[in-house]
There are 2 protein chains.
Amino acid sequence: MFLIMLELKDLPTTGVLHKFAERYPDADITAVSSFLHLLRVATDLSIALDACLSKHGLLQGRWWVLILLMREESQTSTPSMLASKAGVTRATMTGLIDGLEQGGLVERVFTKSDRRSVLIHLTVAGQVKLDAVMPDYYQRLRLCMKGLNEAQRIQLEQMLDLINAGIPELTKQK
Amino acid sequence: MFLIMLELKDLPTTGVLHKFAERYPDADITAVSSFLHLLRVATDLSIALDACLSKHGLLQGRWWVLILLMREESQTSTPSMLASKAGVTRATMTGLIDGLEQGGLVERVFTKSDRRSVLIHLTVAGQVKLDAVMPDYYQRLRLCMKGLNEAQRIQLEQMLDLINAGIPELTKQK
DNA sequence: ACATTATAGTTAGGAAGCTAACTATGTCAA
DNA sequence: TTGACATAGTTAGCTTCCTAACTATAATGT
């Protein structure tokens with residue numbers, strides 16, 4: 001889970017948006033405004049999450065791998081599966097696992113059935129680390145989101161889904 | 001503007017969330033769900049934006065600098081101001097400006113009034129580049145966001161503001 | 001006036017993505 | 001069975017961010 005984007009500390013004023021809209025008549029002012037707003041809040045959330053995790057000596061990418069492993073019944077998975085679920089390349093996953101293995105939070109287990117493959121297993125230390133981080137993370141997240149009631153959370157997800165459905169328009173060959 | 005985060009291709013199922021909620025009673029399931037949903041859509045938007053810009057040979061960071069310069073009456077600013085408005089460090093801004101200057105899209109102008117300072121000026125080529133990119137960007141963004149009507153866009157921004165107000169809870173010393 | 005402090009920009013070194021290429025192993029079909 | 005292709009993981013090299021340290025210049029206060 002790695003979002004990188006400009007923080008957009010300086011969201012455009014309505015005046016600036018209109019100036020741009022004059023030069024570029026295709027601009028849909030409220031679309032741009034909502035889009036930038038969304039990116040800015042998400043980035044700030046991501047940065048805050050990093051700060052929260054770093055107090056426990058974790059980085060977002062490694063933390064996410066631990067969670068994916070804990071989700072498994074056997075607390076075990078393969079680098080390929082982890083990469084796919086985390087949305088990073090296998091090369092990147094190699095680096096994340098290297099870091100976690102050095103910290104003793106996961107271990108590589110070589111299998112006999114398919115000698116190309118490696119199993120990644122959450123260690124006891126890894127579970128202990130999660131048990132230290134997750135309650136803190138959950139408590140803080142509860143407070144962070146307490147401004148939205150259940151109905152609003154459902155609405156938010158619905159609107160996010162609508163935007164998500166439009167994302168291909170950004171990249172489509174015209 | 002640089003968001004880096006896991007893509008979370010694999011958002012947790014309700015079942016997984018409840019399993020975690022058993023071990024970690026502080027978990028607020030709908031809070032986690034909305035939070036991850038938000039990060040995921042924002043990340044996908046950021047990736048799509050990168051793809052859109054890369055067709056014009058631009059990267060998000062450099063593109064954003066061009067826009068900040070175009071916002072100025074004089075099409076000129078300083079590295080410090082640009083860094084502050086873009087939400088990156090001055091060191092990072094040095095790199096972005098280096099790249100843009102090599103491409104001839106901006107130029108460094110040394111001033112006499114304060115010899116520590118440099119003015120960054122959008123060149124004609126830079127404006128031409130923006131005039132090529134922005135209509136494409138605006139057209140695509142209009143399509144991407146067309147699933148939300150005006151009322152929904154306002155609602156979305158309000159909810160984002162509510163979340164934004166809670167972000168300090170994620171990092172606050174307890 | 002001059003020592004201290006602040007500011008502007010850059011440089012150096014590290015983190016963690018990415019793509020592309022590589023090794024080793026497995027699969028499948030002629 | 002063996003040649004072609006597919007898959008798992010790693011490595012190498014690139015990018016662009018970051019922090020910390022550095023140089024040069026300006027502002028401030030005694």
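Proteins get letters first, then strands, A, B, ... in listed order; numbering begins at 1 in each. Please read these numbers as outputs of a predicted model, since none were measured by experiment.
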Specify whether A:Tyr138 and B:Tyr24 have parallel, tilted or perpendicular ring planes, treating 30° as the upper limit for parallel and 60° as the lower limit for perpendicular.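 Because their plane-to-plane angle lies in the 30° to 60° range, the rings of A:Tyr138 and B:Tyr24 count as tilted.
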[N] [atom2] sits how many Å from [X] [atom1], rounded?
| X | N | atom1 | atom2 | value |
| --- | --- | --- | --- | --- |
| A:Ile97 | D:dT10 | CD1 | P | 6 Å |
| A:Glu101 | D:dT10 | CD | P | 9 Å |
| A:Met93 | D:dT10 | CE | C1' | 14 Å |
| A:Lys112 | C:dG26 | NZ | C1' | 19 Å |
| A:Arg62 | C:dA15 | CZ | C1' | 9 Å |
| B:Phe110 | D:dA24 | CZ | P | 14 Å |
| B:Gln60 | D:dT16 | CD | P | 12 Å |
| A:Ile120 | D:dG9 | CD1 | P | 7 Å |

Look at the side chain of [X] and decide which nucleotide, out of [options], has an atom nearest to it.
| X | options | value |
| --- | --- | --- |
| A:Thr92 | C:dG9, C:dG17, D:dA8 | C:dG17 |
| B:Ser117 | C:dA8, D:dC17, C:dC18 | C:dA8 |
| A:Arg108 | D:dT16, D:dT10, D:dG9 | D:dT10 |
| B:Thr89 | D:dT25, C:dT19, D:dT19 | D:dT19 |
| A:Ala91 | C:dG9, C:dT19, C:dT25 | C:dT19 |
| B:Arg116 | D:dT25, C:dG9, D:dG9 | D:dT25 |

Check the phosphate of [N] against [X], side-chain N and O only, distance under 4.0 Å to OP1 or OP2. Yes or no?
| X | N | answer |
| --- | --- | --- |
| A:Thr94 | D:dG9 | no |
| A:Arg90 | D:dT11 | no |
| A:Ser80 | D:dT7 | no |
| A:Arg115 | C:dT25 | yes |

Scan B:Leu58, B:Leu122, B:Thr123 and name whichever one has a side-chain contact (heavy atoms from CB on, under 4.5 Å) with B:Lys129.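 Of B:Leu58, B:Leu122, B:Thr123, side-chain contact (heavy atoms from CB on, under 4.5 Å) with B:Lys129 is met by B:Leu58 alone.
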Can you find a heavy atom in the side chain of B:Gln60 that is under 4.5 Å from one in the side chain of B:Leu49?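 Heavy-atom side-chain distance check passes, below 4.5 Å.
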Could you pick out which residue, A:Gly95 or A:Asp114, lies toward the 5' side of DNA chain C when each is mapped onto its nearest nucleotide?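 Result of the comparison: A:Gly95.
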Do the side-chain N and O atoms of A:Ser34 and B:Glu157 include a donor-acceptor pair separated by under 3.5 angstrom?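 Yes.
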Please find the pair of heavy atoms, one from B:Ile167 and one from A:Ala48, that lie closest to each other, and give the distance.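 Shortest heavy-atom separation between B:Ile167 and A:Ala48 comes out as CG2-CB, 3.7 Å.
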Hey, does B:Thr111 reach any base, or is it just sugar-phosphate, or nothing, if we go heavy atoms under 4.0 Å?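 Nothing, no nucleic acid heavy atom in range.
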